[in-house]
**Q** 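Pasting a structure below so you can have a look.
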Amino acid sequence: MALLQAEGWDLFPTNGATLASFTGSGWNSGGTNELIISTSQQRNGSACVGLTSSNAFGFGANLNLESASGTIAFGFAHKMISHQSSSTSRRPAGLGVLATTGESIILSYDKDVDKFTLWIDGVLIFTTTAFYTLGIYYFLELTYNGGTGAYEMFVDGASVTSGTGSLTGVSFDRIGIYSGQGPGNSSSGQVFFDDIYVSDGTRYGDIVVEYTFPDTDTVNADWTPASGVDGFAMVDNAPPNPVQYIETSTINDISDFDVANPSATVFQVFGVMVTSVALRTGASVEEFNTRLISGASVGAGATNVAPQTTAAYRRDIFDTDPDTGIAWTPAGVNGLQVGVEKTT
């Protein structure tokens with residue numbers, strides 16, 4: 001089964017910044033449903049995302065999946081720090097998937113009863129019997145068959161409900177963070193999300209999304225650093241530094257980099273995502289592709305991409321190791337390289 005999307009927010013480690021301020025991030029964000037970055041409330045890594053106190057009802061941000069899928073599984077870490085208690089109506093703050101036809105499925109925290117809930121197409125379907133403690137991360141998951149409507153919900157790996165939902169014959173193409181309230185009295189946000197995954201049907205369980213960055217140049221070093229002689233030093237930072245980059249105008253130029261090994265203890269790898277940020281400075285159409293090198297094999301992104309005059313993030317997911325054709329192993333991840341090639 002394919003990994004369709006993953007997010008751990010470490011590419012945006014600027015505390016208090018709005019997600020919308022990271023132009024071209026791929027997250028459609030802004031307005032009254034704004035999201036902010038926190039570097040103090042994360043579960044793993046260097047950052048997470050939180051809802052602000054000004055949130056109104058609706059999806060504060062959504063991100064396209066790599067491809068639409070009728071069968072889906074998604075999971076995420078969720079922590080509610082505090083919430084407004086004056087309202088007597090239920091106000092969920094959660095994460096969900098959106099169908100190509102506009103319907104949504106949301107797993108959320110019900111602030112009035114301190115329980116988790118499942119909403120399908122705007123209807124409350126299930127509320128957990130257990131109470132959950134503020135200030136603690138819980139990992140929520142849902143599997144859903146868009147053909148038959150069959151679903152199952154999990155909290156920290158334990159199944160809490162299953163059944164048949166009203167959405168049938170649908171396909172899902174986005175994931176989004178949903179605000180049903182202003183969840184706290186602090187502009188820094190009081191409900192947080194970390195370690196998000198979406199697959200086309202396989203439930204992964206509690207996962208960690210870990211980011212690593214280039215740490216060494218290789219023999220393929222055609223692109224020119226903006227300063228100095230080390231290309232990797234121009235592309236090893238997050239968020240991207242506008243005065244640190246590599247560039248080229250020559251077709252077929254390649255620059256590859258060794259990548260730092262993951263710091264977490266890894267038992268199973270569900271996929272590798274290569275993220276790049278690019279723009280063009282000339283008027284002509286330029287295209288590039290990402291590369292992933294494992295052993296003697298080279299994998300490429302799904303398509304060549306033409307950067308625009310403003311920076312935009314690109315995400316390429318590799319479900320399997322190009323060198324073996326099967327699932328990644330921790331050893332395979334430790335030995336990989338990533339790079340870019342100018343293709344047009």
Side-chain angles (χ1 to χ4, degrees), residues 7-10 12-19 29 32-61 74-97 104-120 124-142 153-161 175-197 205-209:
E7 181 65 87
W9 310 106
D10 289 16
F12 317 105
T14 305
N15 193 57
T18 63
L19 183 57
S29 176
T32 57
N33 295 352
E34 187 54 277
L35 301 169
I36 54 93
I37 300 298
S38 172
T39 59
S40 62
Q41 297 294 339
Q42 67 270 22
R43 187 177 78 141
N44 294 293
S46 60
C48 64
V49 76
L51 290 168
T52 71
S53 59
S54 62
N55 286 108
F57 285 93
F59 280 96
F74 66 94
F76 60 99
H78 179 290
K79 178 171 69 171
M80 180 75 80
I81 296 293
S82 66
H83 50 61
Q84 296 169 338
S85 57
S86 59
S87 173
T88 58
S89 60
R90 294 182 175 181
R91 297 290 187 265
L95 184 142
V97 289
S104 63
I105 300 174
I106 304 169
L107 297 180
S108 67
Y109 187 91
D110 187 326
K111 75 177 186 65
D112 295 317
V113 295
D114 290 327
K115 298 178 180 180
F116 290 116
T117 55
L118 167 63
W119 298 71
I120 298 178
L124 177 62
I125 301 299
F126 174 77
T127 301
T128 58
T129 57
F131 294 92
Y132 294 94
T133 304
L134 293 176
I136 295 176
Y137 266 112
Y138 296 95
F139 202 83
L140 309 184
E141 294 177 282
L142 186 82
M153 176 181 172
F154 301 81
V155 178
D156 285 345
S159 177
V160 293
T161 188
I175 188 165
I177 295 176
Y178 184 86
S179 169
Q181 62 158 354
N185 298 316
S186 169
S187 62
S188 62
Q190 291 297 296
V191 57
F192 299 94
F193 303 87
D194 206 350
D195 293 329
I196 300 169
Y197 82 82
D206 191 338
I207 59 97
V208 172
V209 178

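Reckoned from all heavy atoms, side chains included, excluding hydrogens, waters and symmetry mates.
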**Q** Could you give the distance from CG (L19) to CD1 (I177), rounded to the nearest 0.5 Å?
**A**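 If I round to the nearest 0.5 Å, the distance is 7.5 Å.
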**Q** For the residue pair K79 and F193, would you count it as a cation-pi contact if the rule is NZ or CZ under 6.0 angstrom from the ring centre and within 45 degrees of the ring axis?
**A**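 Checked: cation-pi criterion not met.
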**Q** What is the distance from atom CZ of F192 to atom CD1 of I36, rounded to the nearest 0.5 Å?
**A** 5.5 Å
**Q** Does E7 have any side-chain hydrogen bond (donor to acceptor under 3.5 Å, both in side chains) partners at least two apart in sequence or in another chain, and if so, which?
**A**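 side-chain hydrogen bond (donor to acceptor under 3.5 Å, both in side chains) list for E7, sorted by chain: W27, Y211, R315.
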**Q** Could you tell me the separation between the CE atom of M153 and the CZ atom of F126, rounded to the nearest 0.5 Å?
**A** 6.0 Å
**Q** Look only at the side chain of D206 and the backbone of F139, and say whether a donor-acceptor pair between them is shorter than 3.5 Å.
**A**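 Pair absent, no side-chain N/O of D206 close to backbone of F139.
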**Q** How many angstroms lie between atom SG of C48 and atom CD1 of I37, to the nearest 0.5 angstrom?
**A** 7.5 Å
**Q** Are the ring centres of H78 and Y137 closer than 6.0 Å?
**A** no
**Q** Going from OG1 on T161 to CG on L142, what distance comes out if it is rounded to the nearest 0.5 angstrom?
**A** 9.5 Å
**Q** Is the F74 ring parallel, tilted or perpendicular to the F76 ring (thresholds 30°, 60°)?
**A**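 Parallel: the ring planes of F74 and F76 meet at under 30°.
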**Q** Go through the steps to decide whether W9 and I196 satisfy the test side chain to side chain contact (heavy atoms under 4.5 Å, CB included), and finish with yes or no.
**A** CA-CA 9 Å; W9 310 106; I196 300 169; 3.8 Å; yes
**Q** Taking only residues two or more places apart in sequence, or in another chain, which ones meet N44 in a side-chain hydrogen bond (donor to acceptor under 3.5 Å, both in side chains)?
**A** D195
**Q** I want to know whether Y132 and Y109 have ring centres closer than 6.0 Å.
**A**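 No, the ring of Y132 stays outside the 6.0 Å limit from the ring of Y109, centre to centre.
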